[in-house]
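Counting from 1, the numbers follow the sequence of the chain as shown. Everything numeric here is computed off the predicted structure, so don't read it as measured data.
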Amino acid sequence: MKEIILKNKKNGFLVLLLSLLIYAAAIAATIKGAFMLNDGKSPALMIVGIIFLSTTWLLWPGLKVLNPQEALVLTLFGRYIGTLKDSGFYFVNPFCIAVNPAAKTKLNQSGDVKSPKNPNNIDPEMFNKKLSLKIMTLNNNRQKINDCLGNPIEIGIAVTWRIQNTAKAVFNVDNYKEFLSLQCDSALRNIVRIYPYDVAPNVDTTGDGIADEGSLRGSSETVAKRIKEEIQEKVSEAGLEIVEARITYLAYAPEIAATMLQRQQASAIIDARKMIVDGAVGMVEMALERLNENETVKLDEERKAAMVSNLLVVLCGNHDAQPIINSGSLY
């Protein structure tokens, strides 16, 4: 649906001043007509004054005030006539009706807090028909989703968005805020099911048929970008623009969190031990080479084996070595 911008309607001050002048003239005419009626003259002037007093207020519903980054979508007898976007004091047809089906819908915003003066967190702006054109943040509830390996995880996202086309937002969907929230949930599920929580072998996350190292934990930027693109594709028809999408929470579901933690700890221990062994072997090789180069001591194969064993025990042990002095011979 094409958006129509009304730009030549900033006549609010002129119409307000004109209506006040009409009221002043109508009051004066009514009073003068009353005196003329008492003198036996025609009551026409008083009748005209009363008519203007009774009808001039009909101009006031057409006065609209817009603050910066606000918009008002107007319809006249069921027909869309245009949108007010720029800040200012406007006058439109008094019979125009402002439309905003999502006015009373409250999204889970990052800045929403409860205060003592407002314990129910009721926003007075929820009941007007103005559309906010500001960049807003949607924090959807955490969802439990199975990753590509079937592991249940909990994930939450924050989506920053704004209205780009007011006509589409109001008329193309029933409630653009609820529509956005639903599409965020759907897009999040579609993307998360492609990735494993952590790097796993033989998993293709890009769709090119080649296994890669993509994961939710290690490729958060890529995942967030794909989630943003997925949401944008779904909400374009509603006239919304997705500015950014970010993962705010990521963890294994509670029922498998302890098991997965043990698995990660075991993997970390294995990696650490492998690094220690590799370093110890390198140090033993270096020690043997230095001894052979300088001919400090000549060792046969049995003594070399004993020396390698002792060095590996010292270098790979978890505790400090306790030296033992051997005053005898190995034989």
What residues form a salt bridge (charged side-chain N to carboxylate O under 4.0 Å, His left out) with [X], not counting sequence neighbours?
X: Lys228; result: none
X: Asp147; result: none
X: Glu244; result: Arg246
X: Lys144; result: Glu255

Do [X] and [Y] belong to the same hydrophobic cluster, where Ile, Leu, Val, Met, Phe, Trp and Tyr are linked whenever their side-chain heavy atoms lie under 4.5 Å apart, directly or via other members?
X: Met136; Y: Tyr176; answer: yes
X: Met1; Y: Leu180; answer: yes
X: Leu59; Y: Trp57; answer: yes

Reported CG-to-OG distance for the pair Leu250 and Ser215, which is rounded to 0.5 angstrom: 9.0 Å

From CD1 (Ile51) to CE (Met46), nearest 0.5 Å: 11.0 Å

Residues forming a side-chain hydrogen bond (donor to acceptor under 3.5 Å, both in side chains) with Tyr90, sequence neighbours excluded: none

According to ring-ring contact (aromatic ring centres under 6.0 Å, His included), who are the partners of [X], at least two apart in sequence or on a separate chain?
X: Trp60; result: Tyr23
X: Phe171; result: Tyr80
X: Phe179; result: none

Counterpart residues, side chain to side chain contact (heavy atoms under 4.5 Å, CB included), relative to Ile145 (two or more places apart): Gln143, Ile155, Leu188, Arg189, Val192, Arg193

Linked hydrophobic residues, Met275 as query - side chain contacts closer than 4.5 Å: none

No-hydrogen, no-angle side-chain donor-acceptor test under 3.5 Å, Asn172 and Glu237: yes

Within 6.0 angstrom of Asp208 CG, more than 12 heavy atoms from elsewhere: yes

CE (Met283) with more than 12 external heavy atoms under 6.0 Å: no

Of all pairs that satisfy salt bridge (Lys or Arg N to Asp or Glu O under 4.0 Å), the ones with a partner from residues 151-162, not counting sequence neighbours: Arg162-Glu241

Over all atoms of both residues, closest heavy-atom pair of Gly214 and Ser219: CA-OG, 3.6 Å

Side-chain donor/acceptor pairs under 3.5 Å, residues 4-18, sequence neighbours excluded:
residue, atom, partner, partner atom, Å
Lys10, NZ, Ser87, O, 3.2

